[in-house]
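Atom set for the values below is all heavy atoms of this structure, side chains included, hydrogens, waters and symmetry mates excluded.
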Amino acid sequence: MPSIRARASGALVVAGACAAVALSCSDRLAAPIQRATSADGAPAPGGTLHLASLADIRSLDPAGPVDEIAAEAMELLFAGLVELDDGANVVPGLAEAWSIADDGRIYRFTLRHGVVMHDGSELTSDDVVRSVERALDPVTPNPNAGYFADLDHVVADGPYAVVFRLKTADATFLARLAMPPLRPTCKSAGRRYSDVWDPCGAGPFKLAPGGWTRGTALRLVRHDRYFRAGLPHLDAVEWSYNVPALAQRFRFEGGELDCVRDLPQASLTRFLEDPRWAAYGEPERDSAIFGEAMNTRLPPFDNVEVRRAVAAAIDRSHYRLLQPALMTPLAQALPPGVPGYDPTFAGQRYDYAAALAHMRRAGLAYDPATGTGGWPHPVDYLLYDEGAVPYTAQILQQELAKIGIRLRLQQVSYSAFLSMRTDPRRPGMSFGSWSMDYDDPSSFFDPLFASPGATETNGSSFYANPHLDDLLARARASLDPATRARLYGEANAIVCDDAPWAFTFLRHFYDLHQPYVHGLAPHPVLGRDVGRVWLDREGAP
Amino acid sequence: VIVRVLRRLAWSVLVVWAVVTVTFVLDAVVPGDPARMAAGPQASAADVARIKQTMGLDRAAPVRYALFWKRLVHLGPSAPRRDPDDPHSTCAVVLPLGPASVHIDLGKSFQMRQPVVDVVAARVGRTLALACVALLAQLAMGLLAGTLAAARKGSWLDRAIVTGSLLGLSAPTFLIALGLQYVAAYRLRWLPLDGFGRTPVEHARCIVLPALTLGIYGAAYYTRIVRDEVAGLLTAPWVRTARAKGASEAGALVIHALRNGLVPVATLAGLDFGSLLGGAIVTESVFRWPGLGELSVRATLNRDGPVLAACVIVTSVAVVAANLLADVVYAWLDPRVSSRRGPDTR
């Protein structure tokens, strides 16, 4: 039998341990790490910017499978003939000028002289032509090749000029060219794609020796002979990949990360409520739209009145409650800021009475008082388990039950979701999302609602409307901004009325940074632009 | 002994074949398109179809299955090049015999677009290191706590250890991991939060928390087993005899009770080691330890069939090898085992 003294010592040990843990667990946010100077001055050169991401990158080859996360690094590694400024306007990059001829079918670019690539060689028109042909070679695993299907050929016109000839006029060509796939690569890339090539371009940063540990980290170092004088300011940029959201918060507070954008919802709320952090956060621009895709080939959504009923039955403010700091209700096919977005256009609005009226017109009248009527069969709704998706699905389920449509949620893995949503025989409805690839309304309309994009895969609604197709083709070919705006306005109205999607919300990232990070700017297409960042961290060497 | 080992090896080949075949079948029938996963959600159908062709996924599943086995072990040049034009560009040489060297070829990762042998080889060492350190931590903590509890059975120390081990058994690994991260890395800043590091010193610092996470979880098992075994053995006639012949209490505990109590521990440790070599999925993911466990998870989520098949092969080989090792250690600890004959010796 243990003595009283032994019991007491045991209890003391346990109590001490608990107290130590409790003390260490006081969950107050760390204070921001202050800058070295009190006011913003001239950019200070040097330093390493530390970033992190929830996921991993798969390729650093512009012709390879470039995903959203890799795009940030690609922007620093590879300079383009044309690039996007802070407002997503196309500006000269490696090409100092360009001209357009033959009603928009011919683009002639004049290259800057003396642009030095990461391997020390000078950029010439041969590099541009070789890089384009390499990227669009059928054996290259380039998932973005389809964006350049209208490119007939590209030829060098002397050492400093390149001519692109298109099969049809395309007003979006310059915006597409600003995407990574066709950016010039060093001669080491060769004429044929290879998986063992080390990325080498003409961007402001180059890959550090042994700088890419797959699945873990990437380190880029300054390209001293970058063609834009005075840039970049940083010595290096480092990304950590596959970092869980909570670990990102811990590392950010500890000063191991300088910027963060993947915080857990609860942590983000605490940062937003903390006055010490108020000046060091900014929302990125909404560049992704979300909605509920309805299979227009299957009943009941082959009836436009049912689709209109769904669009009117969804109270979008309910979705927003899930992540008030990150979500915004969406009533039309375009996010604000994209040419063609009309803030005065009502689009798809919540109107319960109208939703019931649409159901009546579809011959599926529903009586909310008795709960009778509506569509008699359950409708399969396809979703995947990630982020807020399972929760938005439950909100939708409740909203549609009020008009007599019962959803049966089919939650599958993301890979299964991507595969199953392309089958027109199922499901009746699915979660829809689309991120802008380039700053133009065609980046949304063409893949989601025009044939063949919508009927093949991406729209998940298998919607086909020849009138809309014609409208979008004319909008894409027109070089007149006013005509394009009018045509896309018409397209927006058609899509909202025909409702292959019930648009629901926009979601953006929220960038937090330490006070010593300067020049970090949200970018309409890139999310955030770190190319002009500089640091003045207190105590930094 | 040699016949026994050979028999076990023959069974091992069968086990590996069966496990890989099941994986292949599951990968083929479960919905999902590896080409779509590789191309990304916004690629056009035409681009996905083209990529599918470059990945060889336009062939029927049985054809791909046959090609996989045909390619897995074959003969080739002693120094294959990582050149896309070289038919052996995804091979690793396991037995250099000149132009007839033995190659292993696990194909190319759909997602990483690297030879799978390279991907796996880079991670095997890290998983092996974590498995060894974690197992040592498990055994050290488990043996110490279990022996102490047995020696002081019924005391407050015994009760504290039993309660602690119960907590260790009940707490999910991710909870232990997050708790350690919060206290040791976030609050106290003694150790890195996660990652692998660049230098040997950084590797050593980075391995502590994941190894401790696995150590705490596994030590709880060993504590319970060692405590029960040793407590029972302490009352055995031969231990009483040893004491009567003048053996000290510590000698009776360690030499006479603990050594005999190690027999079931060795068996369990062998099985555990095999599982750890397959990759501690949760722990590696939470701590971003770039080993096989983390790789398997990503391969499964991304439908990266070649990587998944490689992980399955490594895991099943590791489990079988660890079992074999456990048998040998078992026989060493208890010589009666190797002298037995008949079906019970298998």
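- Along residues 58-65 of chain A, the residues that come nearer than 4.5 angstrom to chain B, judged on non-hydrogen atoms, are A/R58, A/P65 in order of number.
- The pair B/D47-B/R50 meets the salt-bridge criterion, with a side-chain N (NZ, NE, NH1 or NH2) lying under 4.0 Å from an Asp/Glu carboxylate O.
- If you tally non-hydrogen atom pairs under 4.5 Å between each of A/A145, A/G254, A/A217, A/A30 and chain B, the highest count goes to A/A145.
- Side chain of B/S89 to main chain of B/D86: a donor-acceptor pair is present (N/O by atom type, distance under 3.5 Å, no hydrogens or angles).
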Inset, instruction - Test A/R251 against B/D194 for salt bridge (Lys or Arg N to Asp or Glu O under 4.0 Å), laying out the working first. - result: CA-CA 10 Å; A/R251 294 173 78 166; B/D194 54 25; 3.0 Å; yes
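- Of the atoms belonging to B/L301, it is backbone heavy atoms, and not side-chain ones, that fall under 4.5 Å from chain A.
- Salt bridge B/R227/B/D158: present, at least one basic N to carboxylate O contact under 4.0 Å.
- Remark: B/L191 CG to B/R205 CZ distance equals 5.5 Å, nearest 0.5 Å.
- The main-chain N or O of B/S296 is found under 3.5 Å from a side-chain atom of B/T300 such that the two form a donor-acceptor pair.
- Interface summary for chain B: among A/R192, A/M420, A/R214, A/E256, the most heavy-atom pairs under 4.5 angstrom belong to A/R214.
- Below 4.5 Å, heavy atoms of chain A meet heavy atoms from B/K108, B/Q111, B/M112, B/R113, B/Q114, all part of residues 108-122 of chain B.
- For chain A, the option among B/Q53, B/M55, B/M37 with the highest count of heavy-atom pairs below 4.5 Å is B/M37.
- Neither the backbone nor the side chain of A/I57 comes within contact range of chain B; no heavy atoms are under 4.5 Å apart.
- Using a 4.5 Å cut-off between heavy atoms, A/V412 does not touch chain B at all.
- At distances below 3.5 Å, not a single donor-acceptor pair connects side-chain atoms of B/T127 with backbone N or O atoms of B/V124.
- Ranked by non-hydrogen atom pairs under 4.5 Å with chain A, the options B/Q181, B/R303, B/R298 are led by B/R298.
- Of the two parts of B/R189, only the side chain, counted from C-beta on, holds a non-hydrogen atom closer than 4.5 Å to a non-hydrogen atom of chain A.
- Annotation: cation-pi pair B/R126/B/F196 present, NZ/CZ under 6.0 Å from the ring centroid and within 45° of its normal.
- Heavy atoms of other residues, nucleotides or ligands lying less than 6.0 angstrom from CZ of B/R64 number more than 12.
- Contacts between A/N242 and chain B at a heavy-atom distance below 4.5 Å involve backbone atoms as well as side-chain atoms.
- Classification of B/D33 and B/K52 as a salt-bridged pair holds, one side-chain N sitting under 4.0 Å from a carboxylate O.
- The backbone N or O of A/G211 lies less than 3.5 Å from no partner atom in the side chain of A/R219, so there is not a single donor-acceptor pair.
- Heavy atoms closer than 4.5 Å to chain A are found in the backbone of B/V286, but not in its side chain.
- By the neighbour-count criterion of 12 heavy atoms within 6.0 Å, atom CZ of A/R425 is sparsely surrounded, having that number or fewer from other residues, nucleotides or ligands.
- Using a 4.5 Å cut-off between heavy atoms, A/F417 does not touch chain B at all.
- At distances below 3.5 Å, not a single donor-acceptor pair connects side-chain atoms of A/T140 with backbone N or O atoms of A/N142.
- In this structure, A/F290 and A/F431 have tilted ring planes: the angle between them lies in the 30° to 60° band.
- Between A/F444 and A/F449, the ring centre distance reaches or exceeds 6.0 Å.
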